[in-house]
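Scroll down for the structure; my scribbles are underneath it.
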There are 2 protein chains.
Amino acid sequence: MEQEEMRSRCENCIVRQFNSLRALTKEELKKVSDSKISKKIKKGDTIFQEGEKLNGVYCVRDGVSKLAKLSPNGKGQIVKLATKGELIGQRSVIAEEKVNLSATALSDMEVCFIPKEGIVNTLHTNPNFSLEVLRHMAHDLKEADDVIVNMSQKTVKQRIAEAFLYLKNTYGEDADGFLSLTLSRDDIASIVGTATESCIRVISEFKKKELIHTSGKKIGIANEKKLQDMVDGF
Amino acid sequence: MEQEEMRSRCENCIVRQFNSLRALTKEELKKVSDSKISKKIKKGDTIFQEGEKLNGVYCVRDGVSKLAKLSPNGKGQIVKLATKGELIGQRSVIAEEKVNLSATALSDMEVCFIPKEGIVNTLHTNPNFSLEVLRHMAHDLKEADDVIVNMSQKTVKQRIAEAFLYLKNTYGEDADGFLSLTLSRDDIASIVGTATESCIRVISEFKKKELIHTSGKKIGIANEKKLQDMVDGF
DNA sequence: CGTAGACTATGACAATTATCAGGTTTTAAA
DNA sequence: TTTAAAACCTGATAATTGTCATAGTCTACG
């Protein structure tokens, strides 16, 4: 059990290297580690919901979640995927507002809930940490701006092609050449902002043109160059 | 001239109260004021362009600018309007990346260029300032997320109606009941992400339905409630 | 192992939106 | 004041995308 105790300390957690927590001092990290709560979340379960008030942030240790807004009529729009190493909920904690997106697990996940006190205090006292958080937020903002531009300037086909390339570059492929992150057609549609049926149709078309190959819901990229050309409008 | 000297000091600039600079200490503010350069920018002129490397941020003292991405085919997408009191270019300076949007004046403007050294140093030493910048960025990020959701879940008509309400709430109306910020049909189209012709058609339709009234390119809101209902899908 | 429910798939059609082509009006500058 | 350019407007048409209906396929679980 001492082994397990060691492993569960933030100080020994590799994931921390990927997010703003790496700017914490040893003492600050110790406090965070003492206050954090590890949780396992099953695929499909929600971590938090739009409108909730968050009392802390979640650090993703393993798995992938979607941050999305559901509309009254049932269709949702995925705004961002958050994966190993990312902090979610920080925007809401910093702005002291209710969360405007809900977070749902796309795979089994392991997350650590970090109560906001530790975070907020440190923001006031450790400029390196603030700056690090700021950099991450600046990056998220750029990505969001890019999504806005893509939604208005690219067709559904282009956006789906782009999504596949993004998934390959971000999450990689398995041994058989399929994207490591397997999403439902519905989730893919929600990422690119289109109807599920339109998404399925485009996937069928890509398959016919041998740009991708599929097996069940798994998708593999067969012709990266042509997909990229399509994104670029050729 | 001493009067003018007084007025041009950041210490006496009202605009500062609206942005992160209010978190600066007197000394820090003095340094910023000493290093800043005031510029007048004429309507239509660009402040900076996509891909440029910014050596500082711009503080908008008066006027309105659009932050947009131009696409190769000529259509642009406006991602954000920045007005009196806002800082622009901070994202790029913080992330130490080239700017990903270009900034163009929509009206005659007065801006102050603040070299990044002062900003970056202060970010490292004054946690209040970092935190204030962080809050603003968190707010921008939420707005960007909302735009993404709107683009995918609302029709062009709804987005245009929403834009008019936004312009009224943000910039107000003049004495004759027209929106204070007058935009070209082209710019309105770029905000909601549609073709100029589609935008004009919707405006004509709104006019026929007496939801708005126009005079030249000026637009006034005639029936706020019905416009809001339209946004909400009724 | 069989069945309910969820997911995938496709066709037919409707709605939305873009594009092209042509006018008219407004604006700004000579 | 004339004139050229830019902005606005409208119609006709095409392309894209969404919706509805229906059926096949997969999968989890009793």
Side-chain angles (χ1 to χ4, degrees), chain A residues 42-45 66 71-77 104 106-108 150-161 163 178-179 182-209 212-220 230 233, chain B residues 42-45 66 71-77 104 106-108 150-163 178 182-209 212-219 230-231 233:
Chain A
K42 266 180 288 184
K43 180 175 175 176
D45 286 354
K66 60 176 175 185
S71 94
N73 67 52
K75 340 221 111 189
Q77 170 66 26
T104 310
L106 289 175
S107 61
D108 288 346
N150 275 342
M151 298 263 293
S152 87
Q153 298 187 339
K154 296 206 161 91
T155 65
V156 169
K157 258 190 244 185
Q158 289 177 304
R159 302 206 300 275
I160 291 179
F178 293 108
L179 295 173
T182 302
L183 297 171
S184 70
R185 306 296 195 244
D186 197 69
D187 280 331
I188 297 171
S190 289
I191 289 174
V192 303
T194 191
T196 307
E197 296 94 323
S198 299
C199 178
I200 289 174
R201 253 181 263 276
V202 171
I203 289 175
S204 299
E205 185 190 328
F206 283 5
K207 209 163 29 174
K208 247 175 232 146
K209 289 186 181 167
I212 61 173
H213 50 99
T214 68
S215 165
K217 54 176 58 177
K218 281 188 291 185
I219 289 173
M230 166 163 280
Chain B
K42 264 180 291 187
K43 181 176 173 174
D45 284 355
K66 62 176 175 185
S71 94
N73 68 52
K75 340 221 112 187
Q77 171 67 27
T104 311
L106 289 176
S107 61
D108 287 346
N150 274 342
M151 298 263 292
S152 86
Q153 298 188 338
K154 295 205 163 91
T155 64
V156 168
K157 258 190 243 184
Q158 290 177 302
R159 302 205 301 272
I160 291 179
E162 189 164 42
F178 293 108
T182 301
L183 298 172
S184 70
R185 306 296 194 246
D186 197 68
D187 279 333
I188 297 172
S190 290
I191 288 174
V192 304
T194 190
T196 306
E197 296 95 325
S198 300
C199 178
I200 289 173
R201 252 181 263 277
V202 171
I203 288 174
S204 300
E205 185 189 327
F206 282 5
K207 208 163 29 174
K208 248 176 232 147
K209 290 188 182 166
I212 62 173
H213 50 99
T214 69
S215 166
K217 55 175 58 178
K218 281 189 291 185
I219 289 173
M230 166 163 281
V231 173

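Naming convention: chains lettered A, B, ... in sequence-line order (proteins, then strands); numbering from 1 in each chain. All values below come from the heavy atoms of this structure, side chains included, with hydrogens, waters and symmetry mates left out.
Atom CD of B:Q77 and atom P of C:dA18 are 11 Å apart (whole Å). Atom-to-atom, NZ of B:K218 to C1' of D:dC8 comes out at 16 Å; the value is rounded to the nearest Å. Rounded to an integer number of Å, the gap from CG of B:L106 to P of D:dA7 is 12 Å. Between the NZ atom of A:K154 and the P atom of C:dA18 there is a distance of 16 Å, given to the nearest Å. Atom CD of B:Q158 and atom P of C:dT16 are 10 Å apart (whole Å). When the C1' atom of D:dT10 is taken as reference, atom CD of B:E205 falls 14 Å away, rounded to whole Å. Distance, B:F206 CZ to D:dC9 P: 14 Å, rounded to whole Å. Remark: C1' of D:dC8 and CD1 of B:I212 are 14 Å apart, rounded to the nearest angstrom.
Counting only distance, with no hydrogens or angles, the side chain of A:S215 and the backbone of A:K218 share no donor-acceptor pair below 3.5 Å. The main-chain N or O of A:I191 is never found under 3.5 Å from a side-chain atom of A:R159 such that the two would form a donor-acceptor pair. A distance-only check finds a donor-acceptor pair linking the side chain of B:Q153 to the backbone of A:K75 [under 3.5 Å]. Using a distance-only test at 3.5 Å, with no hydrogens or angles considered, no donor-acceptor pair links the side chain of B:D108 to the main chain of B:K42.
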List, with names and distances, any nitrogen or oxygen atoms from the protein found under 3.5 Å away from nitrogen or oxygen atoms belonging to nucleotides 2-5 of chain D.
none

Which pairs, protein N/O on one side and nucleotides 7-9 of chain C N/O on the other, fall under 3.5 Å?
| unit_1 | atom_1 | unit_2 | atom_2 | d |
| --- | --- | --- | --- | --- |
| C:dT8 | OP1 | A:R185 | N | 3.4 |
| C:dT8 | OP2 | A:R185 | N | 3.1 |
| C:dA9 | OP2 | A:R185 | NE | 2.9 |
| C:dA9 | OP2 | A:R185 | NH2 | 3.4 |

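For the helix from C:dC1-D:dG30 to C:dA30-D:dT1, the axis fitted to the five pairs at one end and the axis fitted to the five pairs at the other end meet at an angle of 50° (nearest 10 degrees).
To the nearest 0.5 Å, atoms OG1 (A:T104) and NZ (A:K66) are separated by 5.0 Å. Here the NZ atom belonging to B:K157 is positioned 5.5 Å from the CE atom belonging to B:M230, to the nearest 0.5 angstrom. Note that the CD1 atom of B:I203 and the CD1 atom of B:I219 stand 4.0 Å from one another [nearest 0.5 Å].
The base of D:dG18 does not come close enough to the side chain of A:R201 for any donor and acceptor atom to sit less than 3.5 Å apart. One cannot find a donor-acceptor pair under 3.5 Å joining the base of C:dT16 and the side-chain atoms of B:R159.
Contact annotation: B:S198 reaches the phosphate of C:dA18 (side-chain N/O to OP1 or OP2, under 4.0 Å). A sub-4.0 Å separation between OP1 or OP2 of C:dT19 and a side-chain N or O of B:K75 is present.
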Could you go step by step and tell me if A:I160 and A:C199 meet the side-chain contact (heavy atoms from CB on, under 4.5 Å) rule? CA-CA 8 Å; A:I160 291 179; A:C199 178; 4.1 Å; yes
